[in-house]
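Working notes, structure below.
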Amino acid sequence: MTNLTPPTQVLIDTDADFDDYLAMLYLLKHPAIQVTGITVTGTGDVHLTPGVRNVSNMLTLLDDPAALKIPVARGAQAPMIYSNTFPGSDRTAANEHYNAEFPSINSTPTIDCAQTFLREYFINSTTPTTVLCIGGGSNYGKLFESAKSDPQLRAALQKNITSIVMMGGNLLPEFTPPGFEGAQGNIQATMQPTPYYTNKVAEWNIFVDVRGAEEIFASGIPITLVALNATQQVPITDAFVAQIKQINNPATNFLYAVLTSSTIKGGIGKYLDFWDPLAACVLTTPSLVTTQTLSLRVEQQLNEEDDKSGMIIVDNQRGHPLDVALSANADAVYNTYLEIIAR
């Protein structure tokens, strides 16, 4: 019997890190999902110009003329506050898409301004859209800030965004509900042996633009936050990489090249987790994680000697209600992901 249910429309916001490719290709290949646009941020792992080019060229992996026409838009060139950045070596690797090859160059022109694209998209939308936010908060933080003085945009966002699934943040042990595992920040952990930030409590996607993240939290849109508490339960393992290799289609061949690149392979089975792809899987299959509704805010204050900016705080007075993914069924996540990416 033919499935007549219309696909879920999804907008992706990305910083084109290695795990973003895992997430994006999963949704692009999912039969129940229609990706209707991709906004790229230059405030995360990749720099903006190569990031836009890389995401556009990534669409050639799908061998689908319709995929080549998915809008790809240039987003933020700077965070809304501060100037926190990923390590330079990580950014260089992302700029060079981990030396993994795309089949060809996508000749479809990209869009110069993500803010203009998003405003027009939501105002003119006739079908509600789900947003996957895997690149930090800059693009959507600026959009929600603009909506405060733009009644037409504000009404359109409330009407036409079904929900936001955002990978980011961590609940420290002192904020984690009983029965769940706390998660420390990952700033210093990924900058060894010479971290240049003192922050020990934040996660990168929130840390790069703490104000942008807070604007998203305060938007009033239903949000599922896929936190490190859940992603740390789904490591990227050698066995998973071997399964990716065995599938042998253009998307998985590209992902295998990324995962075995000199920048990434050393972290397989050690400190790399299913960050952004878990968020993508949760968007399609929420039952993969256990969530709790908590009232959260993002610490805004910067202290360069003992920085806690980007810390996620449970605050019943000043916080905003979010559904937080606190644990994940690892085997079910791997199986869900591999079934789709093999299509």
Side-chain angles (χ1 to χ4, degrees), residues 8-17 19-28 33-59 62 67-80 86 91 94-95 97 106 108-125 127-147 150 153 156-157 160-168 204-206 208-209 211-213 215-216 219 221 223 226 275-277 279-280 283:
T8 299
Q9 291 192 359
V10 173
L11 285 172
I12 299 173
D13 186 60
T14 178
D15 67 343
D17 200 350
D19 56 325
D20 294 63
Y21 289 115
L22 287 158
M24 289 188 286
L25 287 167
Y26 168 84
L27 289 181
L28 286 161
I33 298 297
Q34 180 185 7
V35 176
T36 50
I38 305 174
T39 51
V40 181
T41 177
T43 65
D45 203 38
V46 80
H47 287 96
L48 184 58
T49 296
V52 171
R53 179 176 62 245
N54 293 348
V55 170
S56 181
N57 291 339
M58 175 199 65
L59 298 175
L62 301 167
L68 299 180
K69 298 178 181 179
I70 294 172
V72 177
R74 290 174 59 90
Q77 293 180 308
M80 297 181 72
F86 278 79
R91 304 199 81 185
N95 292 346
H97 45 92
N106 184 358
T108 304
T110 55
I111 296 170
D112 286 337
C113 180
Q115 293 299 308
T116 300
F117 165 72
L118 290 173
R119 184 181 190 279
E120 293 178 351
Y121 177 94
F122 286 115
I123 287 176
N124 296 319
S125 179
T127 303
T129 295
T130 301
V131 174
L132 179 71
C133 191
I134 53 176
S138 298
N139 285 338
Y140 277 84
K142 291 182 178 183
L143 186 71
F144 287 120
E145 181 188 50
S146 297
D150 185 340
L153 175 60
L157 295 177
N160 291 322
I161 298 182
T162 304
S163 63
I164 297 173
V165 178
M166 184 177 187
M167 191 277 130
W204 273 109
N205 275 357
I206 305 298
V208 293
D209 195 338
R211 182 177 168 192
E215 292 286 351
I216 295 173
S219 67
I221 303 294
I223 298 171
V226 180
W275 295 309
D276 293 343
L283 188 152

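In what follows, residues are counted from 1 in the order of the sequence shown.
A heavy-atom distance below 4.5 Å is found between the side chains of Leu28 and Met58. You'll find the side chain of Val208 stays beyond 4.5 Å of the side chain of Pro79, heavy atoms only. Between Thr39 and Tyr140 the shortest side-chain heavy-atom distance falls below 4.5 Å. Put simply, the side chain of Asp20 does not reach to within 4.5 Å of the side chain of Met167, judged on heavy atoms. Counting heavy atoms from C-beta on, the side chains of Thr110 and Val40 never come closer than 4.5 Å. In this structure, Asp276 and Val226 have side chains that are not in contact, with every pair of non-hydrogen atoms separated by 4.5 Å or more. Asp17 has its side chain out of reach of Ile134: every pair of non-hydrogen atoms, C-beta onward, lies at least 4.5 Å apart. Asp209 has its side chain out of reach of Thr41: every pair of non-hydrogen atoms, C-beta onward, lies at least 4.5 Å apart.
By the side chain to side chain contact (heavy atoms under 4.5 Å, CB included) test, Ala94 is found to be paired with Asp45, Val46, Tyr98, residues two or more places apart in sequence or in another chain being considered.
Side-chain atoms of Asn95 come within 3.5 Å of backbone atoms of His47 as a donor-acceptor pair (strictly under, hydrogens ignored). Remark: side-chain polar atoms of Gln9 are not paired, donor with acceptor, to backbone N or O of Pro128 under 3.5 angstrom. For the pair Arg53 (side chain) and Leu48 (backbone), a donor-acceptor distance under 3.5 Å is absent. No side-chain donor-acceptor contact under 3.5 Å links Asn205 to the backbone of Gly137. Under the 3.5 Å distance criterion, the side-chain polar atoms of Thr108 are matched with a main-chain donor or acceptor of Leu68. Between the side chain of Ser219 and the backbone N or O of Ile216 there is at least one donor-acceptor pair closer than 3.5 Å.
Here Met24 contributes atom CE and Ile12 contributes atom CD1; the two are 6.5 Å apart, rounded to the nearest 0.5 Å. To the nearest 0.5 Å, atom CD1 of residue Ile161 and atom CG of residue Leu143 are 6.5 Å apart. Between the CG atom of Asn139 and the OG1 atom of Thr43 there is a distance of 7.0 Å, given to the nearest 0.5 Å. Annotation: the span from Glu120 atom CD to Cys113 atom SG amounts to 9.0 Å, rounded to 0.5 Å.
Here the closest heavy-atom approach between residue Tyr21 and residue Ala16 is recorded as CE1-O, 3.9 Å. When all heavy atoms are compared, the tightest approach of Leu157 to Ile221 is O-CD1, 3.5 Å. For Ser138 against Ala78, the heavy-atom pair with the smallest separation is OG-O, 4.3 Å. Arg74 and Asp112 get closest at one heavy-atom pair: CB-O, 3.3 Å. Among all heavy-atom pairs drawn from Leu132 and Ala280, the shortest one is CD1-N, 4.0 Å. Between Gly212 and Met80, the closest heavy-atom pair is CA-SD, 3.6 Å.
A side-chain N or O of Thr36 and one of Tyr121 form a donor-acceptor pair less than 3.5 Å apart. Checking Asn106 against Ser56 by side-chain atom types alone, a donor-acceptor pair falls below 3.5 Å.
Between Phe86 and Trp204, the ring planes lie parallel to each other; the angle is under 30°, not in the 30° to 60° tilted range.
Only one option out of Thr162, Thr8, Leu11 pairs with Thr129 in a side-chain contact (heavy atoms from CB on, under 4.5 Å); it is Leu11.
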